[in-house]
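All values derive from a computational prediction rather than experimental measurement. Convention: sequence-line order gives letters A, B, ...; per-chain numbering from 1.
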Amino acid sequence: MTTSSGVVVVGASAAGLAAAEGLRRSGYDGPVTLVGDEPHPPYDRPPLSKQLLAGEWPPERLSLRSARDYTDLDLRLRLGVPAASLRTSAHLLHLADGSRLPYDTLVVATGVRARMPDGSAAGAGTHVLRTLEDALALREELSGHPRLVIVGGGFVGVEAAAVARALDCEVTLVTGGDAPLTDVLGETVAQVLAEVHREHGVRLVTGSRAVEVLRERGRTVGVRLATGRVVPADAVLAGVGARPNTEWLAGSGVPVGDGVDCDVCLYAGDDVWAAGDVASWPDAVSGERLRVEHRTNATEQGQAVARNILAGRASATAFRTVPYFWSDQYGLRIQVYGRTRGADAVHVVDGSTRQRRFTAVYVRDGHVVGALGIGMFRPLRALRELVAAHAPWPAAHAEAAVLDRRG
Amino acid sequence: MHITVNEEKCCGAGQCVLLAPDVFDQRDEDGIVVLLTPRVPAGQEAAVHEAVAVCPAAAIEVRA
């Protein structure tokens, strides 16, 4: 770090901010530039489908740092301008406004963007929920109490469903699974949450694939299912996943698969590192390639990249984490450690699914790979240890199994 | 160093408790952060700064 171009972080995101801050915290005093395609300084996304959508928080509250903080950190912000292309051989980043930024080290933190169902486009009553503008547009839409159809049974969809019901909108959620969240949380827990949604008046259309958003005279009027059935709608929210923002890396030599293909240290070659939703890395233990779209992962990876940049490639350390995320639905807080997707058994450990206050462990090949809690904070923290240790099950908690469902 | 926490912003992730259990705890009923001491204990500076940085709600502040 002796030359003057310094570190350029592409992505004014939680991950990008963590990388920039991590560099400063560790004493790096070279130039640090944070480039972002959105006009806003880094902001927090989890509240977009929760407090912001509900109108409980104003947009300003999502700012991760104050203007003063950026001055104190001595960060150069280049906001509202997307990265266009990268020339690693010249260590040059090209921006969409035609300007070029030289760098010594580049951090890719460009995140993901919301997918649309095939053949559909956003606008005219059809929404996605990824950016602040997306959330404000949907909030405005919900204020007219539309019949809302949510396509997709993921976390964005179920959180938005909960908010829309609280705002007294008629809500139908279409999912391919037996219940929303089945693929990520397993059937036992997904059914508990599905019941909560039904109680709050959400119509769940399960085992159904939406194939087309229907429009008449430029307005969204419904969703056609694979069966041919049409669900009428005044507004549609597509919550069908996200794809990594990597197109600008085409031809750069940076390896791209499902995101930026990094090594265990989050290094992608040619003085390029990656962090957050866009980064794919092999698990240090299993070698399995992971890409995690969680808020806390963004911060942890940004910090890890900062440490590794300063340590230098030879001394860089493998990124290790126990993934964590949470979800809020109707006053229930669902918290998850580790990886619940792909587990072959779910065991409720404490509490009761009937009371919607319980913890559960997710087991794969005889080892604890994940833990979930609803409204049980301390007991869940204890289970996190089992996830971190990849503890054998049931030996780790032999007396605990109340329920054992294969799924 | 003086620590403050913003209970309004706290999302109950508990990452701070994992990093610095002598400084932070969580309320049983909703997981909201409980500050056990506003002063950073000797030897805990790095852990507390890590907690500030990793908090997903930016709910912890440390001032000199």
Trainee: What is the minimum heavy-atom distance between B/Leu18 and A/Arg381, and which atoms define it?
Mentor: CD2-CD, 4.1 Å
Trainee: Against chain A, work out which of B/Ala13, B/Gly12, B/Cys55 has the most heavy-atom pairs shorter than 4.5 Å and name it.
Mentor: B/Ala13
Trainee: Let's test your reading of the structure: which of A/Gln51, A/Glu21, A/Gln303 forms the most heavy-atom pairs below 4.5 Å with chain B?
Mentor: A/Gln303
Trainee: For B/Ala58 and A/Arg65, work out which heavy atoms get closest and say how close.
Mentor: CB-NH1, 3.7 Å
Trainee: Under 4.5 Å heavy-atom distance to chain A, tell me which part of B/Gln15 shows up: side chain, backbone, both or neither.
Mentor: side chain
Trainee: Which atoms form the tightest heavy-atom contact between B/Glu8 and A/Arg61, and what is the distance?
Mentor: O-NH2, 3.1 Å
Trainee: Search all heavy atoms of A/Thr299 against all heavy atoms of B/Val54 and return the closest pair with its distance.
Mentor: CG2-CA, 3.6 Å
Trainee: If I take atom CG from residue B/Asp25 and atom CZ from residue A/Phe377, how far apart are they, to the nearest 0.5 angstrom?
Mentor: 12.5 Å
Trainee: Identify the heavy atoms of B/Gln26 and A/Arg378 that sit nearest to each other, and give their distance.
Mentor: O-NH2, 3.0 Å
